[in-house]
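Note that the numbering runs from 1 along the sequence shown for the chain. What you are looking at is a predicted structure, and each value in this text was computed from that prediction instead of being measured. In listed order, ligands and their atoms are each counted from 1.
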Amino acid sequence: MKSSIRQGVKLLATGSAVPDLCISNDLISDIVDTSDEWIFNRTGIKERRISSSPTSLIDMAAKASMQALDKTQINTLDLDLIILATSTPNDLFGSASQLQAKIGASKAIAFDITAACSGFVIAMVTATQFIQNGSYANVLVVGADVLSKWTNWSDRRTCILFGDGAGAAILQSCSTVKNNILGFHLNTDGQKFDQLNISCEYSNFSDKCIYPGLRGNFKHITMHGKEVYKFAVSKVPQSIQSCLNSLNLSSESVDWLLLHQANNRILNAVASRLMIPAEKVISNLSKYGNTSAASIPLALNEALEDKKIKNGDLIVMSGFGAGLTWGTLIFRWYG
Ligand code: ACO
C-alpha cells in the first residue's frame, strides 16, 4: 500500500529490559517431563526470564523506554506518540496509557497494538505512517510481553518456549534523504487463528443481575506447534522476498536477518530459504526464549549494544505468530 510521504523516518535508539528471575531448562524439567537436551535441540533455548510482579509489564516497558530515550536528545515531554505492542496487557482496555504515565510523557497520545509476535513490526510500521504523513515527529515504539502469566505450566509442548521481556525503539521524523525505514510487507490469515491462541471462555452468570449475562475469562496459550512451524518457514521467506523485491534489493544485500526469536530451527530454515548465511542471523533466544512482541527489539538492542550492527547496515526485521500474522520491515541503520 502506498502512502503520501512528507517526512522520512529515522530509528534513533533502542533499549530493553528483562526480569531478574532466570529459569533454566533443567528447572523446567523438574516441573514437566522434558529435558535440557530436548528443549535445546528442538528450539535452541537454554533459559528464559520470568516476572513475578503484577506490574512487570509496565515496569519493563518503562525501563526499556527510558534506556532508549537516554541514548537520544529527546526527553519524555517531547514524545508525540507511544505505541505499545503487547498481547499481555495488565488491563484489557490497554496498558499504553499506564506506560505514558509511568515515564511522564504527558503530551503523548498512547495506545496498544495486539498482534502477538508480529506486534513490534506492526507497531513500527504504524509509527512510520504517522511520521511519514507529518502527523507526529517523535514516537516511542515498545514491544513488551509477559506470556509466562498465560502459560500452562503443566503443558510441556508450550511452557518450555516462552519468556518475559520488553524492548523499545525511538523513531523521529527527518528529511527524506536520511529516511532509514525503507519498506514493509504485512499479512494476516485469520482462518488459522486457532493454531496459536489464548482464547476467551465465557460462562453464564445471573446472580444479582437483572438479565442473564456472560462473564469472560482468558484461558492458557494453546498451540499447534508443527502447524505454526510450517507456517513460519513457508510464509516468512515469502514476505521478506516480496519486501526486498519491492525495494529492488537482493537477499545478498542483507547485512542482518532479525527475525522474531521463536525457535532457532525456524531462524535457520528462513535464512537458508533466502540463501542468507547463518552468520547474518541475529539470535539471542538461547537466553530469553520466545518473548513475543519483545523479542525483536530485545535482539536488536543487544546487537546494537554489542556493536554487531554497523553504520549503513541493511536490516531485515520480520515478525510472525498468532493471528496468524506476519510481517517484514526493512531498514538501514545510521547510528
Ligand atoms: N519435552 C519432551 N518431549 C516433548 C516436549 C518437551 N517439552 N514437547 C513435546 N514433546 C514430545 C511430544 O509429545 C512428541 O512425542 P510423541 O512423538 O511420543 O507423540 C514428540 O516430542 C514430538 O512432538 P512435536 O510437537 O511433534 O515436536 P516438534 O518437533 O514439532 O517440536 C516445537 C515442537 C518445538 C514446539 C515446534 O513444533 C516448534 O517450534 N513450533 C513452532 C512454535 C513457535 O514458534 N511458536 C511461537 C510462534 S510466535 C507467537 O505468536 C507466540
Side-chain angles (χ1 to χ4, degrees), residues 23-48 85-88 113-123 143-165 186-190 192-199 218-237 239 258-271 281 283 285-286 288-299 317-328:
I23 305 284
S24 68
N25 289 346
D26 286 333
L27 211 56
I28 291 204
S29 313
D30 293 340
I31 309 168
V32 289
D33 181 15
T34 190
S35 64
D36 174 50
E37 193 192 1
W38 195 97
I39 300 171
F40 186 68
N41 287 342
R42 300 280 175 129
T43 69
I45 299 166
K46 272 290 195 192
E47 57 195 31
R48 70 285 293 141
T86 186
S87 298
T88 52
I113 280 187
T114 308
C117 308
S118 308
F120 184 75
V121 171
I122 294 177
D145 266 310
V146 285
L147 277 178
S148 68
K149 294 183 166 56
W150 300 97
T151 299
N152 177 355
W153 287 99
S154 57
D155 176 9
R156 68 176 182 174
R157 290 163 305 160
T158 53
C159 75
I160 57 156
L161 298 174
F162 302 106
D164 302 335
L186 301 177
N187 287 94
T188 299
D189 181 0
K192 297 188 177 145
F193 81 94
D194 58 355
Q195 286 188 357
L196 176 56
N197 67 336
I198 305 176
S199 62
F218 285 98
K219 297 196 284 181
H220 295 304
I221 297 170
T222 57
M223 182 179 75
H224 299 281
K226 273 208 186 320
E227 297 310 313
V228 175
Y229 183 90
K230 281 190 255 172
F231 142 72
V233 300
S234 70
K235 298 294 184 190
V236 176
S239 165
L258 174 56
L259 302 179
H260 164 52
Q261 307 284 299
N263 181 325
N264 259 345
R265 288 191 300 153
I266 295 178
L267 270 53
N268 294 335
V270 170
V281 177
S283 170
L285 85 159
S286 64
Y288 306 114
N290 177 344
T291 55
S292 193
S295 88
I296 291 176
L298 195 57
M317 176 192 279
S318 208
F320 52 88
L324 298 174
T325 53
W326 63 105
T328 300

If we ignore angles and hydrogens, is there a donor and acceptor under 3.5 Å between the side chains of Ser318 and Thr328?
-> yes
Side chains of Asp164 and Thr291, donor plus acceptor under 3.5 Å = no
Start with the C-alpha distance between Asn263 and Thr43, add both sets of side-chain angles, then the distance that settles side chain to side chain donor-acceptor pair (under 3.5 Å), and finish with yes or no.
-> CA-CA 5 Å; Asn263 181 325; Thr43 69; 5.7 Å; no
Contact set, ligand 1, heavy-atom distance under 4.0 Å, ordered by chain/number, equals Asp33, Thr34, Trp38, Arg42, Thr43, Ala116, Cys117, Arg156, Arg157, Ile160, Phe162, Leu196, Met223, Gly225, Lys226, Val228, Tyr229, His260, Ala262, Asn263, Arg265, Ile266, Asn290, Phe320, Gly321, Ala322
Can you list the residues that meet the ring pair (Phe, Tyr, Trp, His ring centres under 6.0 Å) rule with Phe162, with sequence neighbours excluded?
-> none
Please say whether more than 12 non-hydrogen atoms of neighbouring residues, nucleotides or ligands are located less than 6.0 Å from NZ in Lys149.
-> yes
If every non-hydrogen atom of Thr88 is compared with every non-hydrogen atom of Val146, which pair is closest and at what distance?
-> OG1-N, 2.8 Å
